[in-house]
Asker: 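Attaching a single structure in structure tokens format; questions to follow.
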There are 2 protein chains.
Amino acid sequence: MGRRKSYDRAVLLGKAMEVFRDHGFAGTSAEMLVEELGVNRFSLYAEFGSKQGLFDAVLQRYDDEVVERNFGPLEEPGAGVDEIRALLEFFGSARKSPAWGRGCLLCNTAVEFGPEDPSGAGFIQRYFDRVSASFLSALENARNRGELSHAVNPEKEAGFFTAAVLGMFVMLRAKAPVSVIQGAAQVAIEHLKAIRA
Amino acid sequence: MGRRKSYDRAVLLGKAMEVFRDHGFAGTSAEMLVEELGVNRFSLYAEFGSKQGLFDAVLQRYDDEVVERNFGPLEEPGAGVDEIRALLEFFGSARKSPAWGRGCLLCNTAVEFGPEDPSGAGFIQRYFDRVSASFLSALENARNRGELSHAVNPEKEAGFFTAAVLGMFVMLRAKAPVSVIQGAAQVAIEHLKAIRA
DNA sequence: ATGATATCTAAATAATCGTTTAGAAAAAAG
DNA sequence: CTTTTTTCTAAACGATTATTTAGATATCAT
């Protein structure tokens, strides 16, 4: 069987997630990864193939873990207005949010690479699709339960909440004034009340 | 007096603005700048001192030119709801927007560097301040003219529109589905109608 | 035309980039 | 224990990074 690994893949991915989230893909060097993950270069490349390979694995894990935790509740069959409000309150907590100074890894990556998709895995497109679809799902549930005004268009509202959350990610990332972030969240929640039946 | 410069500083800044906007600071190399600006390394460093110096000059120009063009109208004494709607419609045009595939340089930079301010010039903080303040100015004008419902809080609304616009910048940058971008803009405009007196 | 001054070209700088290689160390299988 | 397999350490790889230097070239003032 040979020598045992002195590292745990899952632990490595977790640490790499933090580093990439803080410094971006281009801003993270192999040197930094070796330092922060506490693993040798050889093992890093044996395990993930390349910096890009590690990054792809990190994006996948971020989607499975963080995006799932944040937007998964909206995708539940029973989700509705309450779940959307909880999400907005969560990110609206500004300094108390885990995204304070970090933002969202997938949002950051979308901005860093723009229209180019370096990995070809389509993480970014799926990210926008998932976020807007999760809002749409919760809104359509609410509408079917008669909780939403007939005048509202769920598709457009989903796009709207997607933009609101992405904008909050940007402000959280750069530590914009807390009052601005909180104002954004509060008005978005008020809008949520305003479209009720 | 010596030999004349074969380049125009303003032209160089304009081209550098495009390159940095497309590829970010870390993603732009001196090689790319020499290539795209059509100027030699020596002159580039003689004129701007360093890559960071050029970037700072570019950010300043972007603020003076692009941010001024987009948000300047909101800062006018006569500005109000109409100017906000025009701005939202402009960025909501998605594929037809000049930000399609590019986003906003200052928004991109805010995400790339996060809470760190490499230049120390505070461009990012001033950016958030200016954008939210421009919305606030237009909203307060409208309120003073009695165009806004008494229930609305201009400060919070300003934070909200700031987030909405930043979110649209992110989606424009990464070429998110057009329907999502347009939905965001349309609902934001509907919200604008909803808070009228 | 001459001398001074400034910008040009083009090569080279040291440092860092992502990645690989050679050999030592460790642990399983026989 | 010996062999085999795997990971480890540590050095090195070529390429690219941002920046600088030396010398040729051009334009001014005289």
Side-chain angles (χ1 to χ4, degrees), chain A residues 1-59 105 108-109 112-113 116-121 123, chain B residues 1-13 15-59 105 108-109 112-113 116-121:
Chain A
M1 281 282 285
R3 185 171 175 173
R4 292 175 190 147
K5 297 177 181 178
S6 66
Y7 59 86
D8 178 23
R9 190 177 211 268
V11 172
L12 254 51
L13 278 175
K15 292 182 179 175
M17 206 168 78
E18 290 187 26
V19 181
F20 280 126
R21 192 172 176 181
D22 283 341
H23 304 99
F25 179 74
T28 299
S29 67
E31 187 67 34
M32 291 169 64
L33 289 166
V34 167
E35 183 80 11
E36 298 292 324
L37 308 202
V39 72
N40 52 80
R41 276 176 174 70
F42 178 86
S43 300
L44 204 62
Y45 279 86
E47 187 70 40
F48 301 105
S50 66
K51 182 186 171 186
Q52 182 73 52
L54 169 58
F55 190 62
D56 287 355
V58 162
L59 290 183
L105 175 60
N108 296 351
T109 304
E112 176 171 4
F113 293 111
E116 307 162 28
D117 185 348
S119 77
F123 285 107
Chain B
M1 283 282 286
R3 184 171 177 174
R4 292 176 191 145
K5 297 177 181 178
S6 65
Y7 58 87
D8 178 22
R9 190 179 211 268
V11 173
L12 255 48
L13 278 175
K15 292 182 179 176
M17 207 169 76
E18 290 187 27
V19 181
F20 280 127
R21 191 172 177 182
D22 283 341
H23 304 99
F25 179 76
T28 300
S29 66
E31 188 67 34
M32 290 169 64
L33 289 167
V34 167
E35 183 80 11
E36 298 292 324
L37 308 201
V39 73
N40 53 79
R41 276 176 175 69
F42 178 88
S43 300
L44 204 62
Y45 278 86
E47 187 70 38
F48 302 104
S50 64
K51 181 186 171 186
Q52 181 73 53
L54 170 59
F55 190 62
D56 288 355
V58 162
L59 290 183
L105 175 60
N108 296 351
T109 304
E112 176 171 5
F113 293 111
E116 306 162 28
D117 185 349
S119 77

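Predicted, not measured: the structure shown is a model, and the values here were computed from it. Naming convention: chains lettered A, B, ... in sequence-line order (proteins, then strands); numbering from 1 in each chain.
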Asker: Given atom OH of Y45(B) and atom P of dT17(D), what is their separation to the nearest angstrom?
Answerer: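 Result: 11 Å.
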Asker: Among residues 16-32 of chain B, which contact DNA chain D at a heavy-atom distance under 4.0 Å?
Answerer: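 Correct list: T28(B), S29(B), A30(B).
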Asker: What residues, two or more places apart in sequence or in another chain, satisfy ring-ring contact (aromatic ring centres under 6.0 Å, His included) together with F55(A)?
Answerer: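 With sequence neighbours excluded, F55(A) shows a ring-ring contact (aromatic ring centres under 6.0 Å, His included) to F20(A), F25(A), given in chain and number order.
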Asker: Quick check for you: to the nearest 0.5 Å, what is the distance between K51(A) atom NZ and M32(A) atom CE?
Answerer: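 Here the rounded value is 9.0 Å.
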Asker: Can you tell me the distance, in whole Å, between the CG atom of L12(B) and the P atom of dT7(C)?
Answerer: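 Distance check: L12(B) CG to dT7(C) P gives 13 Å.
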Asker: I need the CD-C1' distance between E47(A) and dT19(C), as an integer number of Å.
Answerer: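 Rounded to whole Å, this separation is 17 Å.
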Asker: Using 0.5 Å steps for rounding, measure from the CG atom of L59(A) to the CD atom of Q52(A).
Answerer: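 L59(A) CG to Q52(A) CD: 8.0 Å, rounded to 0.5 Å.
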Asker: If you round to the nearest 0.5 Å, how far is OG1 of T109(B) from CZ of R21(B)?
Answerer: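 Rounded to the nearest 0.5 Å, the CZ-OG1 separation comes to 10.5 Å.
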Asker: As a test of understanding, state which of D56(A), V58(A), L13(A), L33(A) forms a side-chain contact (heavy atoms from CB on, under 4.5 Å) with F48(A).
Answerer: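 Single pass found, and it is L13(A).
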Asker: For K15(B), what residues pass the side-chain hydrogen bond (donor to acceptor under 3.5 Å, both in side chains) criterion, not counting sequence neighbours?
Answerer: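 Per chain and number, K15(B) pairs via side-chain hydrogen bond (donor to acceptor under 3.5 Å, both in side chains) with no residue.
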Asker: Quickly work out the L44(B) CG to dT17(D) C1' distance and round it to whole Å.
Answerer: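 Going from CG in L44(B) over to C1' in dT17(D) covers 15 Å.
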Asker: Between P on dT19(C) and CG on L33(A), what's the gap in Å once rounded to a whole number?
Answerer: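 Value for this atom pair: 10 Å.
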Asker: In whole Å, what is the span from the CD atom of E35(A) to the P atom of dT16(C)?
Answerer: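 Value for this atom pair: 14 Å.
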Asker: Given L37(B) and V11(B), is the side-chain contact (heavy atoms from CB on, under 4.5 Å) satisfied, shown in steps?
Answerer: CA-CA 8 Å; L37(B) 308 201; V11(B) 173; over 6 Å; no
Asker: To the nearest 0.5 Å, what is the distance between CD (E36(A)) and CG (D22(A))?
Answerer: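 Separation between the atoms: 9.0 Å.
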Asker: When all nucleic acid strands are considered with a 4.0 Å heavy-atom cut-off, which category describes Y7(A): base, sugar-phosphate, or nothing?
Answerer: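 Sugar-phosphate contact only - Y7(A) comes under 4.0 Å of backbone atoms but never of a base.
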Asker: If the condition is side chain to side chain contact (heavy atoms under 4.5 Å, CB included), which residues does R41(B) pass it with, not counting sequence neighbours?
Answerer: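 With sequence neighbours excluded, R41(B) shows a side chain to side chain contact (heavy atoms under 4.5 Å, CB included) to E31(B), V34(B), given in chain and number order.
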Asker: I'd like a table of atom pairs between the protein and nucleotides 9-12 of chain D - only N or O on both sides, under 3.5 Å - with the distance next to each one.
Answerer:
residue : atom : partner : partner atom : Å
dT9(D)  : OP2  : N40(A)  : ND2          : 2.7

Asker: So, the side chain of E112(A) versus the backbone of G24(B): is there a donor-acceptor pair under 3.5 Å, distance only?
Answerer: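 Side chain of E112(A) to backbone of G24(B), a donor-acceptor pair under 3.5 Å: no, none is there.
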Asker: Whole angstroms only, please: what is the CZ-P distance between R9(A) and dT7(D)?
Answerer: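 The answer, rounded to whole Å, is 13 Å.
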Asker: Looking at L12(A) and Y7(A), what are the two nearest heavy atoms and their distance?
Answerer: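 Shortest heavy-atom contact: CD2-CD1, 3.6 Å.
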Asker: Toss me the dot-bracket line for DNA chain D: Watson-Crick and G-U wobble, both under 3.5 Å, 5' to 3', using | for pairs to another strand and [ ] for crossers.
Answerer: ||||||||||||.|||||||||.|||||||
